[in-house]
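Atoms considered below: every heavy atom in the structure, side chains included; atoms not considered: hydrogens, waters and symmetry mates. Below, chains carry the letters A, B, ... as their sequence lines are ordered, and counting in each starts from 1.
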Protein chains: 2
Amino acid sequence: MLVVDDHAMFRAGVRAELATAGAGVVEVVAEAGDVDEAVRAVAEHRPDVVLLDVHLPGGGGVEVMRRVAARPTGGAEPPRFLALSVSDAAEDVIGTIRGGARGYVTKTITGAELVDAVRRVADGDAVFSPRLAGFVLDAFAGTIEVSAVDEDLDRLTEREREVMRLIARGYAYKEVARELFISIKTVETHMSSVLRKLQLSSRHELARWASERRLL
Amino acid sequence: MLVVDDHAMFRAGVRAELATAGAGVVEVVAEAGDVDEAVRAVAEHRPDVVLLDVHLPGGGGVEVMRRVAARPTGGAEPPRFLALSVSDAAEDVIGTIRGGARGYVTKTITGAELVDAVRRVADGDAVFSPRLAGFVLDAFAGTIEVSAVDEDLDRLTEREREVMRLIARGYAYKEVARELFISIKTVETHMSSVLRKLQLSSRHELARWASERRLL
DNA sequence: GACAGGACCGGGGTCTCCCCCGATGGCGCG
DNA sequence: CGCGCCATCGGGGGAGACCCCGGTCCTGTC
């Protein structure tokens with residue numbers, strides 16, 4: 001494992017904890033204190049797991065993952081990243097996951113828990129601290145208001161729904177007309193009904209409305 | 001914990017495993033064999049964790065989560081769902097997570113691992129089997145082609161990017177002009193450059209382009 | 001100093017969007 | 001049968017979107 005954190009004291013703490021709680025399970029092969037060092041250390045030592053601080057000089061942990069992913073691995077498996085941070089802010093967590101981390105734990109974690117988390121990430125598991133699992137899964141599950149959608153959407157006729165779908169995808173009236181073998185004027189009539197029924201006022205609002213509800 | 005699975009034999013197996021490996025940690029308070037039973041059992045026993053089979057008669061595990069979420073809890077905390085399935089298909093996993101599950105493990109799991117997974121989900125952790133963590137996190141991280149985006153996006157000047165962002169969000173030229181303290185004509189000039197540089201032909205295509213690349 | 005490029009602004013034109021008004025034919029319902 | 005709803009089509013018009021052309025400043029480069 002590679003330990004990346006800008007505080008040497010913290011890295012020493014991780015080493016000490018893992019030496020006792022994780023003896024024989026987790027081996028620290030190297031340390032790094034900023035983004036450049038981290039990228040070099042990954043290339044040199046090819047660790048299975050990188051314990052990665054989120055707030056790191058030189059672009060943060062996300063930058064490390066981005067640069068490691070951009071470099072050729074020479075056929076070797078890329079390391080798995082376990083993010084470690086004092087922050088439990090949603091944007092940090094989600095940004096880190098988007099960046100490619102396979103886990104995110106806060107620094108309130110105990111040594112034994114850290115050993116377990118590292119082991120799990122090494123096995124391919126996803127690991128999240130309790131408070132963070134909520135962010136990740138909620139963001140992933142999305143804000144799908146099933147009940148509200150149906151009530152509005154059911155007011156539309158079949159033909160109106162077809163027109164709505166195409167308009168929301170950015171089709172011009174002319175293109176919708178050609179696609180559905182009807183006149184432009186009919187498309188305008190349907191669109192007028194759609195906007196009125198959905199209480200929207202333009203095709204742009206309609207596009208956002210449909211996009212938020214994943215109707216495209 | 002509530003065990004939901006349509007095979008009585010499997011439920012018995014879970015009970016037996018948890019009695020030995022999870023003695024004193026995990027207590028099975030009830031069982032259910034289909035969606036209706038599961039929803040009733042949740043209302044009656046209010047378990048902390050529901051071990052939920054994905055392929056279940058009556059709509060699947062997703063239907064259970066949907067109906068439990070729709071019913072008032074009477075102030076009590078809703079249970080956390082741990083999905084359990086023979087399937088490791090991406091659509092099953094992602095659909096289940098979208099449905100609100102806090103974890104997903106396959107039935108190849110051992111008794112000790114199951115105890116650990118249940119304990120973690122009860123604590124609020126997200127738990128995923130190794131092969132599944134890939135699906136979930138990749139789907140969440142999205143298909144972000146950093147390299148392709150930058151080449152196109154870097155051709156835009158700073159001002160063009162600002163205009164592009166607002167237009168992609170559905171702002172009218174007039175609104176963009178007001179927002180950026182410039183004239184409508186200037187907005188048109190910038191938009192013309194944006195469309196030319198990105199090889200797009202309308203604000204609608206631009207909106208889709210930006211939306212696909214999560215630039216909003 | 002010439003030259004390029006970016007930010008800024010304008011005229012004028014065509015097309016699209018969105019609304020108002022109208023009409024016809026079909027289909028089910030009381 | 002009258003009535004309402006739906007799908008179809010049209011005229012007209014105002015506002016906006018998009019594109020063509022023109023221009024003035026400023027800044028950085030050679």
* To do: Quick one: label B/Ser193 by what it contacts on the DNA or RNA (base, sugar-phosphate, nothing), any heavy atom closer than 4.0 Å.
  => nothing
* Answer yes or no: is there a donor N or O on one side and an acceptor on the other, between the side chain of B/Asp53 and the main chain of B/Leu56, under 3.5 Å? => no
* Asked: Once you round it to whole Å, what is the distance between P of D/dC6 and CZ of A/Arg161?
  -> 11 Å
* To do: Please confirm whether any donor atom in the side chain of A/Glu188 sits under 3.5 Å from an acceptor in the base of C/dC19, or the reverse.
  => yes
* To do: Name the residue closer to the 5' end of DNA chain C, choosing between B/Thr189 and B/His204 according to the nucleotide with the nearest heavy atom.
  => B/Thr189
* Asked: Looking at C/dG6, does its base get a donor-acceptor pair with the side chain of B/Lys197 below 3.5 Å?
  -> no
* Whole-Å distance between D/dC6 P and A/Ile182 CD1? -> 16 Å
* **Separation of atom CD in B/Glu175 from atom P in D/dA15, rounded to whole Å** => 16 Å
* **d(CZ, B/Phe181; P, C/dC9) in whole Å** => 12 Å
* Structure fact -> With B/Tyr173 as partner, the option from B/Ile184, B/Leu166, B/Val163 fulfilling side-chain contact (heavy atoms from CB on, under 4.5 Å) is B/Ile184
* Asked: Closest nucleotide of DNA chain D for A/His190 versus for A/Lys185: which of these residues is on the 5' side?
  -> A/His190
* Examine distances only and state if a side-chain atom of A/Glu188 and a backbone atom of A/Lys185 form a donor-acceptor pair shorter than 3.5 Å. => no
* Structure fact -> Closest non-hydrogen atoms of A/Val194 and A/Leu156, given as atom of the first, atom of the second and distance, are CA-CD2, 4.1 Å
* To do: Check every strand shown and say whether B/Ile184 touches a base, only sugar-phosphate, or nothing at a heavy-atom separation below 4.0 Å.
  => nothing
* To do: Could you check how far CZ of B/Arg196 sits from C1' of D/dC20, rounded to whole Å?
  => 13 Å
* Any B/Ser201 side-chain N or O less than 4.0 Å from OP1/OP2 of D/dC18 -> no
* Choosing from C/dC9, D/dC6, C/dA7, which nucleotide comes nearest the side chain of B/Glu160? -> C/dA7
* Give a yes/no answer on whether the side chain of B/Thr157 brings an N or O atom under 4.0 Å of OP1 or OP2 in C/dG5. => no
* Asked: In Å, rounded to the nearest 0.5 Å, how long is the span from CD of B/Glu160 to NE2 of B/His190?
  -> 7.0 Å
* Asked: OP1 or OP2 of C/dC9 less than 4.0 angstrom from a side-chain nitrogen or oxygen of B/Thr186, does that happen here?
  -> yes
* Protein-nucleotide distance (B/Tyr173, atom OH; C/dC15, atom C1'), rounded to Å -> 13 Å
* Asked: Just how far, in rounded Å, is P of C/dC19 from CG of A/Leu200?
  -> 10 Å
* Of A/Leu195 and A/Lys174, whose nearest nucleotide on DNA chain C comes first from the 5' end? -> A/Lys174
* Structure fact -> Regarding the side chain of A/Arg159, the nearest nucleotide among C/dA7, C/dC9, D/dA7 is D/dA7
* For atom CD of A/Glu162 and atom C1' of D/dA7, their distance in whole Å -> 11 Å
